[in-house]
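Proteins get letters first, then strands, A, B, ... in listed order; numbering begins at 1 in each.
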Protein chains: 2
Amino acid sequence: MSDIIKSVDRALDILLYISHIGRPVGASHLSRVMGMHKSTVFRTLITLENKQFLVQDQNTGKYSLGVSVFSMSRKIKLYDIFGPYIKALGRSFKETINVSVLEEPYDGIYRSTIVAKEENNDHALSVNPEIGSSMNCYCSGVGKCLLAFSKNMMPELFNNYNYEKHTDNTIVTSEDLVSELDRIRKRGYALDNEEQELGLTCVAVPIFDSDGWAMAAISFSGPTARICKQDINVLVENLKQVSTEISKTL
Amino acid sequence: MSDIIKSVDRALDILLYISHIGRPVGASHLSRVMGMHKSTVFRTLITLENKQFLVQDQNTGKYSLGVSVFSMSRKIKLYDIFGPYIKALGRSFKETINVSVLEEPYDGIYRSTIVAKEENNDHALSVNPEIGSSMNCYCSGVGKCLLAFSKNMMPELFNNYNYEKHTDNTIVTSEDLVSELDRIRKRGYALDNEEQELGLTCVAVPIFDSDGWAMAAISFSGPTARICKQDINVLVENLKQVSTEISKTL
DNA sequence: GATATTGTTCGATAATATAGAATCTTATTA
DNA sequence: TAATAAGATTCTATATTATCGAACAATATC
């Protein structure tokens with residue numbers, strides 16, 4: 001902890017703070033909130049602005065996230081980000097793990113995209129979706145989890161699903177989906193109880209952003225027999241631990 | 001320039017470099033490329049990793065962009081980023097300016113979204129599209145500009161447009177679109193020569209990423225009479241100046 | 001199995017980030 | 001419109017601390 005470069009650490013705090021509060025802020029405000037001297041804040045702001053991590057509004061003098069952040073965001077490889085965490089999980093438990101994010105709804109349909117996965121090759125039976133593949137949210141663990149915990153959700157759109165009854169457990173009405181999402185929010189995790197495919201069970205938890213909304217979801221999935229032999233609560237606790245580890249500094 | 005905090009500046013350089021080269025890199029490599037001492041690089045990496053701006057792959061020891069960058073990217077307000085630049089342009093020229101980005105193709109259709117605009121209220125006649133509105137690329141200046149300079153373009157998808165002939169000048173075949181894009185690449189800017197609406201002219205240039213691909217496009221648009229009275233080359237030069245200003249540090 | 005490369009640790013010194021006050025600029029209130 | 005408050009910006013001295021250099025440990029390479 002003592003090897004950390006103080007000035008850099010403070011600069012990163014400022015970036016995260018500006019990102020978190022979501023509106024332009026000035027030096028004095030930051031000085032108060034961060035407990036740093038105004039002139040130190042200012043020098044840091046100058047440095048961040050110079051490399052375009054911040055832009056200053058000429059009228060108000062306040063700072064927002066800059067084009068460098070936008071540029072970086074376009075080059076992010078989500079697998080690199082989530083890979084290390086799920087690899088660790090994969091070593092402990094021998095199940096398939098995947099991380100998904102919610103897509104912008106298109107044609108009024110909410111879908112999720114898989115951005116990272118850790119396959120389980122120890123068993124013949126396992127699920128292996130492709131990275132980048134997208135699917136409807138109503139019938140998967142990560143999908144429902146994202147619907148339950150994401151910002152700006154529009155439940156009206158649930159009516160746009162062309163619900164397909166894959167199994168007896170598949171949710172096929174908006175009303176059932178809404179109440180299932182309530183249940184998920186209450187208990188803090190989602191369960192795909194053979195809703196997509198017979199014999200396939202999945203448990204998913206959200207990965208929270210600094211404002212408490214889901215930015216992704218992470219799950220164990222595998223044959224019902226194997227998943228249920230493990231204590232679901234243990235799986236959930238482990239997923240939650242990784243989830244909070246991921247969002248710890250945001 | 002002397003007010004810049006050296007350690008912070010170097011940390012930002014490292015972030016931009018890792019983002020730019022697009023694959024995980026290690027301390028020694030960075031030390032060589034950035035001309036910094038290995039242990040200084042290392043301490044910087046530790047600091048960036050601690051706040052999750054970087055993640056380290058446990059197997060290789062190399063670093064990638066971390067979850068904090070992902071988190072920030074979700075909170076970016078593109079208007080805050082591009083607003084300051086186009087405001088300055090708006091003060092000089094009295095025309096409508098807008099900035100657009102290319103959407104992920106959906107249903108095989110390339111569309112652009114307006115992320116920032118500066119309206120021109122000095123004249124009764126002007127164009128005022130909404131921020132957030134999306135439109136087909138084949139019949140607008142920024143749209144064609146994005147098609148011409150973006151990475152990973154799939155020209156096959158041009159066949160999916162349901163071309164509508166808005167005016168005599170509208171492009172209505174993939175072949176014509178492809179050759180128009182060639183022309184645009186050669187001369188470095190795009191022109192909407194009353195292709196979308198009679199009497200409406202638009203000149204657009206790309207905003208380049210660190211790898212030379214367009215991450216956005218910026219344009220002047222207005223009544224043909226007014227736009228053409230100004231020297232197109234002057235407009236283009238001014239747009240290009242802002243464009244390079246925006247991408248200068250990436 | 002030997003060698004080179006790379007990730008990581010540590011301590012001394014000189015560079016430089018910080019704090020504090022002071023100035024200039026914009027917004028608020030009387 | 002004047003007076004006042006709040007905020008942005010500049011400057012400098014000092015003590016903190018980032019940097020360098022070298023050495024170690026752990027991998028990868030040949």
Rounded to whole angstrom units, what separation is found between the CG atom of B:D9 and the P atom of D:dT19? 11 Å
Pairing donors with acceptors under 3.5 angstrom, does anything connect the side chains of A:D192 and A:S140? no
Protein-nucleotide distance (A:I46, atom CD1; C:dT18, atom P), rounded to Å: 14 Å
Where the side chain of A:S7 is concerned, which of D:dA8, C:dG20, D:dA18 is the nearest nucleotide? D:dA18
If I take atom CG in residue B:L45 and atom P in nucleotide C:dT9, what distance separates them, rounded to the nearest angstrom? 12 Å
Whole Å only: how far is the CG atom of B:D57 from the P atom of C:dG7? 12 Å
Do A:E245 and A:Q241 come within less than 4.5 Å of each other through their side chains, counting heavy atoms only? no
Tell me the interatomic distance from B:F42, atom CZ, to D:dA18, atom C1', rounded to whole angstroms. 16 Å
Do any side-chain nitrogens or oxygens of B:Q56 fall under 4.0 Å of OP1 or OP2 in C:dT6? no
Determine: side-chain N/O of B:T40 to OP1/OP2 of D:dC20, distance under 4.0 Å, yes or no. yes
Taking atom C1' of C:dT26 as reference, at what distance in whole Å does atom NZ of A:K62 sit? 11 Å
Does B:Y63 or A:M36 map to a spot on DNA chain C nearer the 5' end, using the closest nucleotide for each? B:Y63
Taking only side-chain nitrogens and oxygens of B:Q58, does any of them come within less than 4.0 Å of OP1 or OP2 of D:dA26? no
I'd like to know if the side chain of B:T244 and the backbone of B:K240 have a donor-acceptor N/O pair within less than 3.5 Å. yes
Of the listed nucleotides C:dT16, D:dT9, C:dG20, the one nearest the side chain of A:R43: C:dT16
Tell whether A:S28 reaches the base of D:dA6 with its side chain through a donor-acceptor pair below 3.5 angstrom. no
For a quick test of reading the model: is some side-chain N or O of B:H37 closer than 4.0 Å to OP1 or OP2 of D:dG21? yes
Sub-4.5 Å side-chain heavy-atom contact between A:T44 and A:R10: no
Output yes when a side-chain donor or acceptor of A:S219 lies under 3.5 Å from a complementary backbone atom of A:V142, and no otherwise. no
To the side chain of B:R10, which of D:dT19, C:dG7, D:dG21 is closest? D:dT19
Under 4.0 Å, counting only non-hydrogen atoms across every strand here, what does B:S39 touch: a base, just sugar-phosphate, or nothing? base
What is the distance, to the nearest angstrom, from the CD1 atom on A:I5 to the C1' atom on C:dA15? 14 Å
To the nearest Å, how far apart are B:I14 CD1 and D:dA18 P? 14 Å
Look at the side chain of B:K38 against the base of C:dG7 and say whether a donor-acceptor pair falls under 3.5 Å; ignore hydrogens and angles. yes
